[in-house]
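What follows is a set of notes on a single structure, which appears directly below.
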2 protein chains.
Amino acid sequence: MRVVVPFAAETPKTRLESVLSPAERSQFARAMLADVLRAIVRAGHEPAVVSTAPLDLAALEMPGEVAAATSLTVDDRPLTEAVNARLPADAGDDPVAVVMADLALATPDALEELLTAGADVAIAPGRGGGTNALVVDQPDFRVDYHGLSYLDHRGIAREVGATLETVDSFRLGTDIDEPADLVEVLVHGRESDRAPAILREFGFELERRDGRVAAVRDGGPTAE
Amino acid sequence: MRVVVPFAAETPKTRLESVLSPAERSQFARAMLADVLRAIVRAGHEPAVVSTAPLDLAALEMPGEVAAATSLTVDDRPLTEAVNARLPADAGDDPVAVVMADLALATPDALEELLTAGADVAIAPGRGGGTNALVVDQPDFRVDYHGLSYLDHRGIAREVGATLETVDSFRLGTDIDEPADLVEVLVHGRESDRAPAILREFGFELERRDGRVAAVRDGGPTAE
């Protein structure tokens with residue numbers, strides 16, 4: 001299946017600005033993108049990166065088969081428009097998946113669960129009412145990523161008569177936006193993943209404090 | 001399967017004190033407990049509530065078959081000790097599950113996924129490295145809920161030679177601890193659930209602000 005991966009190439013991950021410099025945020029966002037693309041390819045699908053600006057895919061240093069399966073388009077429209085331009089438009093069109101580039105915990109298994117859901121629209125919600133990943137196999141459904149997109153997408157599916165399935169996944173439900181989310185990358189990232197490796201290079205580690213866990217950098221507290 | 005549900009009856013949900021009074025926290029914690037017990041019974045299992053203090057189960061006003069299947073013990077020891085006293089101790093013992101009482105989004109399907117995992121130890125992790133639910137089918141494994149319990153439990157399983165499976169569930173991964181978590185109850189709670197109903201009685205509703213979603217009470221901002 002074609003899996004669209006929108007990527008904000010210019011100022012990614014601004015909500016991490018209290019713990020990462022602009023250059024580090026860019027590096028970290030690209031590491032997460034590389035991990036997501038690899039998981040998609042390992043699940044047997046073809047990622048189509050849709051970037052807001054030109055992007056050097058070679059610099060991501062992905063394994064050969066991942067790089068070979070990945071395409072890149074630049075589209076500077078807002079997220080909702082850029083995604084809607086790529087959804088099925090006619091009854092016979094193939095289904096299209098959309099997976100956010102900051103789902104650092106995504107694994108081939110978790111993605112497969114979503115991609116084989118079978119409903120006209122399948123959604124993996126994120127925290128705070130977001131839509132972290134979805135599959136659309138219906139020509140009338142369109143996304144709207146503003147605000148409470150998970151509930152909005154349920155409403156849109158109802159309106160156009162599409163069946164809907166919610167995919168229950170902690171891994172797909174965890175998008176990495178805020179300092180507290182870095183804990184999840186360090187706890188659940190796998191050996192071969194780039195994103196946890198780069199956080200450790202930056203000096204982050206897990207620390208237990210007052211019965212809770214924080215991602216701490218170079219000895220100082222940064223992200224609970 | 002016997003499903004232990006530990007419950008802190010006296011001062012539940014202290015991290016919600018900025019948005020709920022002590023009486024409201026107590027009511028809300030009991031509503032979540034009732035929802036969790038019902039999901040366990042609907043999945044075909046028997047909940048064993050282990051409460052830190054006497055608890056009036058009848059006041060939870062659960063459906064008859066849920067009340068009939070639920071047992072109650074008072075055990076004022078710390079969580080780790082109270083749970084370990086109830087895990088399998090001998091090779092022939094039945095498996096035991098432990099499900100936290102604040103998993104307000106738990107559904108029979110999500111629980112069934114955990115309860116049929118099949119490994120010696122199956123864990124549904126929560127955010128921040130926590131252990132929200134687990135199943136133990138091995139006589140040497142013991143829990144330790146302090147700090148990074150998910151990684152600790154993986155280590156303990158390795159030490160005692162137990163196979164381990166991590167169950168990937170957004171619903172079981174969402175424990176309701178902090179004001180921001182109330183959004184999840186309002187977004188993902190189902191019609192028949194008590195916890196979202198009681199939050200709405202208290203005056204909470206979802207509000208979209210700056211592209212994000214908050215649980216807002218009586219018009220004022222409270223929980224992002």
Side-chain angles (χ1 to χ4, degrees), chain A residues 15 78-80 105-107 109-114 123-133 144-152 154 165-175 177-178 180-188 190 205-215 223-224, chain B residues 15 78-80 105-107 109-114 123-133 144-152 154 165-175 177-178 180-188 190 205-215 223-224:
Chain A
R15 280 153 66 189
L79 177 63
T80 293
L105 310 189
T107 54
D109 282 354
L111 287 167
E112 203 50 27
E113 191 84 14
L114 170 77
I123 302 182
R127 276 174 66 87
T131 300
N132 283 6
D144 178 355
Y145 281 105
H146 291 100
L148 251 171
S149 68
Y150 170 66
L151 293 182
D152 291 344
R154 291 182 67 105
E165 183 173 333
T166 299
V167 176
D168 179 26
S169 170
F170 178 84
R171 288 191 168 275
L172 300 183
T174 305
D175 47 324
D177 268 331
E178 305 192 353
D181 301 328
L182 300 182
V183 170
E184 309 308 326
V185 179
L186 293 175
V187 169
H188 297 283
R190 293 161 314 155
E205 54 186 51
L206 292 167
E207 200 176 280
R208 295 147 209 242
R209 290 187 297 164
D210 307 331
R212 292 162 77 179
V213 175
E224 259 193 48
Chain B
R15 280 151 70 191
L79 177 63
T80 293
L105 309 188
T107 55
D109 282 354
L111 287 167
E112 204 47 29
E113 191 84 13
L114 170 77
I123 302 181
R127 277 175 64 88
T131 300
N132 283 6
D144 179 355
Y145 281 105
H146 292 100
L148 252 171
S149 68
Y150 170 66
L151 293 181
D152 291 343
R154 292 182 66 104
E165 183 173 335
T166 299
V167 176
D168 178 26
S169 170
F170 179 83
R171 286 190 168 276
L172 300 183
T174 305
D175 47 324
D177 269 330
E178 305 191 353
D181 300 329
L182 300 182
V183 170
E184 309 308 326
V185 179
L186 293 174
V187 170
H188 296 283
R190 293 161 313 155
E205 52 186 52
L206 293 167
E207 198 176 282
R208 295 146 209 245
R209 291 186 297 164
D210 309 330
R212 292 164 77 182
V213 175
E224 255 188 55

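In the text below, chain A, chain B and the rest are named by the order of the sequence lines, each starting its count at 1.
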Most chain A-contacting option - heavy-atom pairs closer than 4.5 Å, from B:Ala124, B:Gly130, B:Gly126 | B:Gly126
Residue, of A:Gly129, A:Gly128, A:Ser169, that accumulates the most heavy atom pairs under 4.5 Å with chain B = A:Ser169
State which residues pass side-chain contact (heavy atoms from CB on, under 4.5 Å) with A:Asp175; sequence neighbours excluded, sorted by chain then number.
-> A:Asp102, A:Leu103, A:Asn132, A:Asp177
Output all residues satisfying side-chain contact (heavy atoms from CB on, under 4.5 Å) with B:Asp109, sequence neighbours left out; order by chain, then residue number.
->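 B:Asp109 satisfies side-chain contact (heavy atoms from CB on, under 4.5 Å) with B:Thr107 only.
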Examine whether an atom of B:Leu105 lies under 4.5 Å from a heavy atom of chain A, and if so say whether it belongs to the side chain, the backbone or both; otherwise answer neither.
->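 Contact with chain A is absent: no heavy atom of B:Leu105 under 4.5 Å.
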What closest approach, in Å, do B:Gly147 and A:Arg208 show between heavy atoms, and which atom pair accounts for it?
->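 So the two residues come closest at CA-CG, 4.4 Å.
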Between NE2 of B:His188 and CG of A:Leu151, what distance do you get to the nearest 0.5 Å?
->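 Here the interatomic distance stands at 7.5 Å.
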Checking A:Leu186 against chain B: side chain, backbone, both or neither under 4.5 Å from a heavy atom?
-> neither
Name the one of A:Val213, A:Asp181, A:Val187 that satisfies side-chain contact (heavy atoms from CB on, under 4.5 Å) with B:Arg127?
->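 Per the side-chain contact (heavy atoms from CB on, under 4.5 Å) rule, the option paired with B:Arg127 is A:Asp181, out of A:Val213, A:Asp181, A:Val187.
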